[in-house]
**Q** 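My structure is below; once you've seen it, I'll send some questions.
The figures here come from the full heavy-atom set of this structure, side chains too, leaving out hydrogens, waters and symmetry mates. Numbering of residues begins at 1 and proceeds along the displayed sequence. Whatever order the structure lists ligands and atoms in, that order sets their numbers, starting from 1.
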Amino acid sequence: MVDRKTNRVITLEEYIIQAQNKFPGATGELSQLLRDIGLAAKIISREVNKAGITNILGEEGSTNIHGETVKKLDMFADKQLISALNRSEITCMVISEENDGIVELDNDGGKYIVYLDPLDGSSNIDVNVSIGSIFSIYMRKNPDTNKLSEEDALQSGVQQVAAGYVLYGSSTLMAYTTGLGVSVFTLDPSIGEFILSDDDVKIPDYGTIYSVNEGSYHSWEEGLKQYIKYCQVEDSETSRPYKARYIGSMVADVHRTLITGGIFIYPNSSQYPNGKLRLMYECNPLSFVIEQAGGMAIDCNGRILEIEPESLHQRTPIFIGSKENVLKVKEFLDEYKQETIKA
Ligand code: AHM
Ligand code: MG
């Protein structure tokens, strides 16, 4: 996007400073934090792009706290993001998919807490398919106490002050919100800068793509099975059957949903009774972005952002995307829940 006054492109750095200047009392700390994440994203993007040639591909050899095999790039991304956040001494602690418990940073007086999924979709790393980084930023709940605790960090998604993601796809892009709409920046590798590509993205109210791992069909609730059948039935008025698209990287699937509309689902199932995806560093940040773009995100009961978290790494089912699609799946879930209750 080109600045109309100056007729030139706007970089992430410039955009953040311009946004900050609209709030005369702002300390600039959140702006600095977003710039730090932008810097780490560039370094991770460089490494992702040369992964095949530097022999960084493959497994690191250990398993993370969820028992999943850790890839080398996961660890690299985790280290880069944490050290970028440590630089400016604004963040007191980080909670990351790759670390059990809280990671205390050097500045225990910092007022921000950052949740990270450093490299989401890691099963796609070795096959050259899009992956991403996700971040979610909160103010510390008890800034006056000396000791940092999990309690400081356990806040519902509505308390997020900013959230976003970086998608390492055919190009690298960063999308984020501070609660005033969603801005998207694309990395221009020739100058090493994120350039503003859209400063108020809106998700279509209705879309014709559904995105779910259908291999798990037989372990779903009846309501979801019936909804997916509904997506597949022909009906010209609602442009059905829908198309099925599933990348297996939440960031990529949700970004496509943001742009084209439709729905992304990772449900509860007999295999994953509470869903698979993590509330604090996968579902909350992406729900904040989608809601800010005019969409919706729910679990089986209500808004994802209103879930009161009980633990740092808890999981939740998620139904996220265009308003009309999310309301439709909710109708099916509610209808069949009622039937189970009656039976
Ligand atoms: P990860 O954080 O270990 O990469 O796992 C999360 C990923 C999501 O990006 C994606 O939506 C999901 O796992 C895919 O899971 P599945 O292979 O069960 O469909
Ligand atoms: Mg993940």
Side-chain angles (χ1 to χ4, degrees), residues 44 47-48 51 57-78 80-81 94-100 114-136 163-169 173 175 209-221 224 228 244-258 262-287 289-290 297-299 304 312-321 329:
I44 298 166
E47 219 56 34
V48 167
L57 285 176
E59 287 162 11
E60 193 255 0
S62 59
T63 50
N64 68 14
I65 46 160
H66 314 289
E68 300 151 340
T69 307
V70 178
K71 309 272 178 173
K72 281 182 190 169
L73 268 177
D74 291 30
M75 294 313 295
F76 179 83
D78 193 51
Q80 289 304 325
L81 281 158
V94 167
I95 297 96
S96 148
E97 180 175 6
E98 303 303 341
N99 301 283
D100 201 357
V114 181
Y115 280 88
L116 295 172
D117 184 348
L119 214 56
D120 178 63
S122 40
S123 64
N124 279 328
I125 295 174
D126 287 353
V127 289
N128 222 331
V129 173
S130 301
I131 46 182
S133 302
I134 312 176
F135 58 92
S136 163
Y165 56 84
V166 182
L167 172 61
Y168 312 101
L173 67 80
I209 294 179
Y210 72 97
S211 184
V212 64
N213 183 345
E214 254 177 292
S216 308
Y217 182 89
H218 291 288
S219 63
W220 295 343
E221 277 183 23
L224 180 58
I228 296 300
R245 294 282 184 274
Y246 190 72
I247 298 166
S249 292
M250 187 192 193
V251 172
D253 280 314
V254 170
H255 182 71
R256 184 201 52 249
T257 307
L258 170 68
I263 189 162
F264 169 80
I265 298 172
Y266 208 109
N268 50 313
S269 62
S270 51
Q271 190 190 3
Y272 294 113
N274 300 315
K276 174 188 172 190
L277 300 177
R278 284 47 164 237
L279 174 65
M280 300 306 287
Y281 41 82
E282 293 180 320
C283 298
N284 269 340
L286 297 183
S287 299
V289 169
I290 289 292
I298 59 169
D299 66 356
I304 292 280
L312 300 176
H313 298 283
Q314 86 185 54
R315 299 170 193 265
T316 177
I318 185 165
F319 306 83
I320 181 170
V329 75

**Q** For ligand 1, which atoms, with element, lie under 4.0 Å from some heavy atom of Ser249?
**A** 9 (O)

**Q** What do you reckon, is CG of Asn213 surrounded by more than 12 foreign heavy atoms closer than 6.0 Å?
**A** yes

**Q** With atoms numbered from 1 as shown, which atoms in ligand 1 lie under 4.0 angstrom from a non-hydrogen atom of Gly121?
**A** 1 (P), 4 (O), 9 (O)

**Q** Does Phe264 approach ligand 1 within less than 4.0 angstrom via side chain, backbone, both or neither, non-hydrogen atoms only?
**A** side chain

**Q** Give the minimum heavy-atom separation between Ser211 and Arg245, together with the two atoms involved.
**A** OG-O, 2.7 Å

**Q** Show the nearest heavy-atom pair for residues Pro285 and Met280, with the distance to one decimal.
**A** CD-O, 3.5 Å

**Q** Identify, by atom number and element, the atoms of ligand 1 in contact range of Ser122, meaning under 4.0 Å from any of its heavy atoms.
**A** 3 (O), 4 (O)

**Q** Check each of Glu98, Glu282, Lys276, Met250 against atom 12 (C) of ligand 1 and report the one with the nearest heavy atom.
**A** Lys276

**Q** Could you work out, for atom 6 (C) of ligand 1, the closest of Asp120, Asn213, Ile265, Asp74 by heavy-atom distance?
**A** Asp120

**Q** In ligand 1, which numbered atoms sit nearer than 4.0 Å to a non-hydrogen atom of Tyr246?
**A** 14 (C), 15 (O), 16 (P), 19 (O)

**Q** Should Leu277 be counted as touching ligand 1, given the test is an N or O pair under 3.5 Å?
**A** no

**Q** Just one of Asp126, Asn124, Ile125, Asp120 clears the side-chain contact (heavy atoms from CB on, under 4.5 Å) bar with Ser122, so which one?
**A** Ile125

**Q** With heavy-atom distances below 4.5 Å as the criterion, would you say the side chains of Ile134 and Val251 are in contact?
**A** yes

**Q** Taking heavy atoms and a distance under 4.0 Å, where does Asp253 meet ligand 1: side chain, backbone, both or neither?
**A** neither

**Q** What are the atoms of ligand 1, with element, lying closer than 4.0 Å to any heavy atom of Asp117?
**A** 2 (O)

**Q** With a 4.5 Å cut-off on side-chain heavy atoms, are Val166 and Ile44 touching?
**A** no

**Q** Would Asn284 and Ser136 satisfy side-chain hydrogen bond (donor to acceptor under 3.5 Å, both in side chains), going step by step from the backbone distance to the final call?
**A** CA-CA 8 Å; Asn284 269 340; Ser136 163; 6.0 Å; no

